There are 2 protein chains.
Amino acid sequence: MKVLKQRSTCPISTALDVLGDKWTLLILRDMVFAGKSTYGQFLQSAEKMATNILADRLAVLESQGILTKAVAADKKSKFTYRLTEKGVDTVPLIIELVLWGAKHCPTIVDSGLLAELQGEKDAAVEKYKQLAREMARA
Amino acid sequence: MKVLKQRSTCPISTALDVLGDKWTLLILRDMVFAGKSTYGQFLQSAEKMATNILADRLAVLESQGILTKAVAADKKSKFTYRLTEKGVDTVPLIIELVLWGAKHCPTIVDSGLLAELQGEKDAAVEKYKQLAREMARA
DNA sequence: TTTTTTCACTTGCAATTTGCAAGTAATTGG
DNA sequence: CCAATTACTTGCAAATTGCAAGTGAAAAAA
């Protein structure tokens with residue numbers, strides 16, 4: 001069981017103790033926006049995460065109660081990772097990252113998604129949280 | 001001039017290339033919520049950032065156009081760091097970190113602030129963005 | 001039934017990044 | 001002039017990362 005050290009009692013600092021690195025939120029992005037749920041799927045993302053880093057981050061996320069790990073329904077040799085409510089609650093954060101990145105950095109975003117997020121943000125946040133919950137049930 | 005490498009064209013990944021580490025957003029937090037603007041003030045935060053890391057992150061933030069550096073009005077030996085609009089636009093992100101950290105981790109938050117953020121979030125985001133702009137003008 | 005492939009990691013190691021302590025150089029206050 | 005302040009820089013040990021290769025269990029192929 002991974003133990004994280006907390007630098008202070010500040011909620012921002014503590015949130016960053018858990019989520020503040022270059023890889024963790026990409027795993028959550030893949031779960032929320034790409035519906036990914038297995039080790040192999042995470043490895044295929046464009047950013048090419050190293051296998052040991054992925055294994056480490058999944059273990060941290062599990063020990064922090066952000067996702068759960070269970071044997072896959074189809075294969076005994078495969079695991080399925082699902083978001084908990086604590087994980088689903090990172091959706092607003094991820095959406096703010098999309099908006100900031102799209103506005104201020106040279107990136108490629110689906111224009112429909114961007115319009116949706118820029119228009120009715122609260123509704124979009126709820127929609128993607130609900131979608132994430134449904135995937136976690138499947 | 002610091003050069004950051006972009007792992008992919010995804011806005012989330014690119015935002016994390018810039019902001020995704022344990023220290024950068026704490027500097028922005030100190031500017032937005034504590035009104036800090038100098039090297040010495042940043043060093044005094046509860047998390048005790050190392051001096052070389054602070055100098056490095058300030059240089060990255062400046063080169064990324066998130067903040068500007070200028071000689072202080074009162075002393076020639078002092079610098080004042082101010083948020084640009086790109087920096088002000090991280091306020092929604094920082095507020096989501098407060099909300100997630102306060103809800104899911106053991107932290108200490110001002111209950112008035114928390115109530116404000118949980119109640120009228122959009123209004124609170126606008127208020128703190130405006131405050132951050134005013135501090136950047138001062 | 002044996003063999004091969006797939007999947008989910010683990011291991012080893014070099015390279016980078018971090019954290020700590022100490023040092024420096026330019027003001028500024030007295 | 002001299003001590004203190006401010007904003008860094010430097011050196012170095014320790015921790016973290018990234019890459020390549022290896023492992024072991026289960027599933028598919030022969």
Side-chain angles (χ1 to χ4, degrees), chain A residues 1-8 13 16-27 30-31 34-64 67-82, chain B residues 1-8 13 16-27 30-31 34-64 67-82:
Chain A
M1 173 95 137
K2 293 269 170 188
V3 182
L4 282 183
K5 87 159 161 243
Q6 192 172 359
R7 289 171 294 173
S8 78
S13 158
L16 291 171
D17 289 337
V18 182
L19 306 171
D21 76 284
K22 300 223 179 291
W23 298 109
T24 301
L25 285 165
L26 289 186
I27 297 174
D30 283 349
M31 297 183 81
K36 295 185 182 179
S37 62
T38 67
Y39 184 92
Q41 289 177 321
F42 297 131
L43 280 183
Q44 284 159 29
S45 298
E47 294 84 10
K48 296 293 162 212
M49 185 168 357
T51 57
N52 56 342
I53 302 287
L54 175 59
D56 178 81
R57 293 305 182 281
L58 287 171
V60 171
L61 285 167
E62 191 193 356
S63 78
Q64 293 297 312
L67 46 79
T68 59
K69 178 181 184 173
V71 173
D74 54 335
K75 279 186 175 186
K76 254 183 268 178
S77 66
K78 221 163 123 182
F79 293 104
T80 300
Y81 296 91
R82 295 178 214 288
Chain B
M1 175 93 137
K2 292 268 170 188
V3 183
L4 282 184
K5 90 160 158 237
Q6 191 172 0
R7 290 171 293 174
S8 78
S13 158
L16 291 172
D17 289 337
V18 182
L19 306 171
D21 76 285
K22 301 224 178 290
W23 298 110
T24 301
L25 285 165
L26 289 187
I27 297 174
D30 284 350
M31 296 182 81
K36 294 184 182 178
S37 63
T38 68
Y39 184 91
Q41 289 177 321
F42 297 132
L43 280 184
Q44 284 159 29
S45 297
E47 294 83 10
K48 296 292 161 212
M49 184 168 357
T51 56
N52 56 342
I53 302 288
L54 175 59
D56 178 82
R57 293 305 182 278
L58 286 171
V60 171
L61 285 167
E62 192 193 356
S63 80
Q64 293 297 312
L67 46 79
T68 58
K69 178 181 184 175
V71 174
D74 53 334
K75 279 185 175 185
K76 255 184 258 175
S77 67
K78 221 162 121 180
F79 292 104
T80 300
Y81 295 92
R82 292 189 180 66

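In what follows, every chain begins at residue 1, and chains take the letters A, B, ... in the order their sequences are listed. Computed from a predicted model, the values in this text were never measured in an experiment.
No donor-acceptor distance shorter than 3.5 angstrom exists from the side chain of Glu47(B) to the backbone of Met49(B), with no hydrogens or angles considered. Judged purely by atom type and a 3.5 angstrom limit, Lys78(A) has no side-chain atom pairing as donor or acceptor with the backbone of Thr38(A). Of the possible donor and acceptor atoms, none in the side chain of Arg7(B) sits under 3.5 Å from a partner among the backbone N and O of Lys48(A). A donor-acceptor pair under 3.5 Å links the side-chain atoms of Gln41(A) to the main chain of Ser37(A), judged by distance alone. Judged purely by atom type and a 3.5 angstrom limit, Tyr39(A) uses its side chain to pair as donor or acceptor with the backbone of Thr51(A).
Listed nucleotides dC8(D), dC19(D), dC9(C) differ in distance to Ala50(A); the shortest reach to its side chain belongs to dC19(D). Distance from the side chain of Asn52(B) is smallest to dG19(C) among dT18(C), dG19(C), dC8(D). Distances were taken from every side-chain heavy atom of Thr51(A) (C-beta onward) to each of dA20(D), dG18(D), dA7(D); the shortest belongs to dA20(D).
Rounded to an integer number of Å, the gap from CG of Leu54(B) to P of dT10(D) is 16 Å. dA7(D) atom C1' lies 14 Å from atom CD of Glu62(B), rounded to whole Å. Between the P atom of dC8(D) and the NZ atom of Lys78(B) lies a distance of 12 Å, rounded to the nearest Å. Between the CG atom of Asp56(B) and the P atom of dC8(D) there is a distance of 12 Å, given to the nearest Å. For the pair Ile53(A) CD1 and dT16(C) P, the computed distance is 15 Å after rounding to whole Å. For the pair Leu4(B) CG and dT17(C) P, the computed distance is 11 Å after rounding to whole Å. Between Asp17(B) atom CG and dT17(D) atom P the separation is 15 Å, expressed in whole Å. Here dT17(C) presents its C1' atom at 13 Å from NZ of Lys5(B), a figure rounded to the nearest Å.
For DNA chain C, no neighbouring residue in residues 40-49 of chain B is found when judged by any heavy atom under 4.0 Å.
Rounded to the nearest 0.5 angstrom, Phe42(B) CZ and Leu54(B) CG are separated by 7.0 Å. To the nearest 0.5 Å, atom CG of residue Leu58(A) and atom CD1 of residue Ile27(A) are 4.5 Å apart. A distance of 13.0 Å separates NZ of Lys22(A) from CD1 of Ile53(A), quoted to the nearest 0.5 Å.
Here Arg57(A) does not reach the OP1 or OP2 of dG18(D): none of its side-chain N or O atoms lies under 4.0 Å away. Put simply, Lys69(B) has a side-chain N or O that comes within less than 4.0 Å of OP1 or OP2 on dC8(D). Proximity of Tyr39(A) to the phosphate of dT10(C): no side-chain N or O atom is located under 4.0 Å from OP1 or OP2. For Tyr81(A) and dC9(C), the shortest distance from a side-chain N or O to OP1 or OP2 is below 4.0 Å. Between Trp23(B) and the phosphate of dG19(C), there is a side-chain N or O to OP1/OP2 separation shorter than 4.0 Å.
Annotation: cation-pi geometry satisfied between Lys69(A) and Phe79(A) (NZ/CZ under 6.0 angstrom from ring centroid, within 45° of ring axis).
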In B/S/- notation, 5' to 3', how is nucleotides 22-30 of chain D contacted by protein heavy atoms closer than 4.0 Å? ----SS---
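Scanning for side-chain contact (heavy atoms from CB on, under 4.5 Å) contacts around Thr24(A) gives Leu19(A), Asp21(A), Arg57(A), Leu61(A), with sequence neighbours left out.
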